[in-house]
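Below is one structure; the comments refer to it alone.
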Amino acid sequence: MTTVGFIGSGAIGKTLARLAVGAGHQVVLSNSRGPHTLAETVRELGPRASAATSEETASAGDIVVVTVPVSAFPHVPAAPLAGKPVIDTCNYGPERDGHITDLDSGTLTSSELLLRHLPNALLVKAFNNIFYKHLLFLARPAGAPDRSSLPIAGDFTPAKATVSAFIDSIGYNVVDAGPLADSWRQATGTPVWGTPYGPFSNEKGEPAGMDAIRAALAAATP
């Protein structure tokens with residue numbers, strides 16, 4: 001059984017926590033407002049869920065999901081994440097995060113920026129390309145003919161393997177999208193962002209297999 005920590009408990013974080021609990025994992029949730037604000041979510045998720053501070057969550061998780069605005073990267077605790085697989089679900093939005101020169105110019109991907117704040121974390125980009133409602137409703141058992149796939153990017157092969165196993169456990173296949181430097185291929189507005197899983201108006205989504213995800217990644221342009 002894996003303990004999955006969540007730094008940030010918005011729509012994607014809560015959805016992933018729900019899927020993780022359903023797959024038999026323990027989850028520890030945190031946000032910027034304190035553990036007491038997550039009491040209702042913990043009750044809904046059941047006995048495999050708990051809430052803690054961000055630092056406690058980072059220490060507790062075997063895998064830690066960072067799901068916060070890009071502007072909050074400096075507040076993610078770095079020391080307890082050293083040597084751990086860390087999943088980055090975050091998307092850069094200048095209208096929310098303010099303009100960040102290295103991201104606007106394409107000098108860095110948002111994941112590479114996060115890695116600057118977490119230099120010893122084993123960072124893997126995942127879950128940033130799918131609408132949270134689609135993420136919930138498209139999960140399927142292993143071997144299901146309509147099982148969807150998700151892209152991941154990262155520089156650390158063992159961490160990618162760990163994250164891939166977690167993704168498989170919650171109902172998805174994985175397409176390796178390359179190193180963090182290539183994670184722009186799954187960023188906001190690219191062909192693989194949202195589109196393969198159908199419109200947001202269709203809350204249950206449309207399954208997207210490996211071939212569809214690979215084709216969408218290949219169609220991305222800088």
Side-chain angles (χ1 to χ4, degrees), residues 1-31 35 38-52 54 56-68 81 84-90 121-154 156-177 186 194 196-198 203-210 212-213:
M1 179 178 59
T2 299
T3 297
V4 185
F6 291 85
I7 297 176
S9 298
I12 284 287
K14 288 178 181 177
T15 300
L16 281 173
R18 181 173 171 181
L19 291 172
V21 165
H25 302 295
Q26 296 284 134
V27 301
V28 183
L29 302 168
S30 68
N31 63 17
L38 292 165
E40 183 177 349
T41 300
V42 168
R43 282 195 297 271
E44 290 173 354
L45 291 173
R48 291 194 179 97
S50 62
S54 294
E56 291 166 343
T57 296
S59 296
D62 301 309
I63 300 170
V64 177
V65 179
V66 174
T67 180
V68 300
L81 296 177
K84 287 190 178 184
V86 174
I87 301 175
D88 165 24
T89 78
C90 309
L122 307 180
L123 200 66
V124 178
K125 188 77 168 189
F127 301 113
N128 70 303
N129 75 308
I130 188 169
F131 182 42
Y132 76 97
K133 290 183 180 179
H134 293 169
L135 178 63
L136 178 63
F137 287 113
L138 288 175
R140 300 287 191 276
D146 62 344
R147 203 181 208 217
S148 293
S149 297
L150 295 167
I152 68 169
F156 309 101
T157 300
K160 287 170 96 170
T162 298
V163 171
S164 294
F166 170 67
I167 293 173
D168 177 68
S169 76
I170 65 170
Y172 288 86
N173 294 327
V174 170
V175 172
D176 191 330
Q186 62 198 76
Y197 310 104
E203 293 187 357
K204 293 190 175 181
E206 300 169 2
M210 288 186 174
I213 299 305

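For the single chain, residues carry numbers from 1 onward in sequence order.
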Exercise. Knowing that exactly one of Asn31, Thr89, Asn128 qualifies, which makes a side-chain hydrogen bond (donor to acceptor under 3.5 Å, both in side chains) with Thr67?
Worked result: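 The side-chain hydrogen bond (donor to acceptor under 3.5 Å, both in side chains) with Thr67 is passed solely by Thr89 among Asn31, Thr89, Asn128.
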Is there side-chain contact between [X] and [Y], with heavy atoms separated by less than 4.5 Å?
| X | Y | result |
| --- | --- | --- |
| Lys84 | Leu122 | no |
| Pro207 | Leu138 | yes |
| Leu16 | Val27 | no |
| Thr41 | Lys14 | yes |
| Ile152 | Lys160 | yes |
| Val4 | Val28 | no |
| Val174 | Leu150 | no |

Exercise. Distance only, no hydrogens: is a donor on one side chain within 3.5 Å (strictly under) of an acceptor on the other, for Thr3 and His25?
Worked result: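 On atom types as modelled, these side chains do not qualify, holding no pair under 3.5 Å.
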Non-hydrogen atoms of [X] and [Y] that approach each other most closely:
| X | Y | value |
| --- | --- | --- |
| Ser9 | Leu29 | OG-CB, 3.7 Å |
| Ile167 | Ala126 | CD1-CB, 4.2 Å |
| Pro151 | Gln186 | O-NE2, 3.5 Å |
| Cys90 | Val66 | SG-O, 3.4 Å |
| Pro196 | Ala208 | O-CB, 3.5 Å |
| Val68 | Gly8 | CG1-CA, 4.0 Å |

Quick one: [atom1] on [X] to [atom2] on [Y], what's the gap to the nearest 0.5 Å?
| X | Y | atom1 | atom2 | value |
| --- | --- | --- | --- | --- |
| Asp62 | Thr162 | CG | OG1 | 9.5 Å |
| Glu56 | Ile7 | CD | CD1 | 11.5 Å |
| Leu136 | Ile130 | CG | CD1 | 10.0 Å |
| Phe6 | Thr57 | CZ | OG1 | 10.0 Å |
| Leu135 | Tyr197 | CG | OH | 9.0 Å |
| Phe166 | Ile87 | CZ | CD1 | 5.5 Å |

Exercise. Does Ala177 offer a backbone N or O that forms a donor-acceptor pair with the side chain of Lys125 under 3.5 Å?
Worked result: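 No; judged by distance alone, with no hydrogens or angles, the pair does not exist.
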For this session: Check whether any side-chain N or O of Gln26 sits under 3.5 Å from a backbone N or O of Arg48 as a donor-acceptor pair, and report yes or no.
Result: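 Checked: pair present.
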For this session: Would you list the pairs meeting side-chain hydrogen bond (donor to acceptor under 3.5 Å, both in side chains) in which at least one residue belongs to residues 136-153, sequence neighbours left out?
Result: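 Of all non-adjacent pairs touching residues 136-153, those that pass side-chain hydrogen bond (donor to acceptor under 3.5 Å, both in side chains) are Arg140-Asp146, Arg147-Asp168, Arg147-Asn173.
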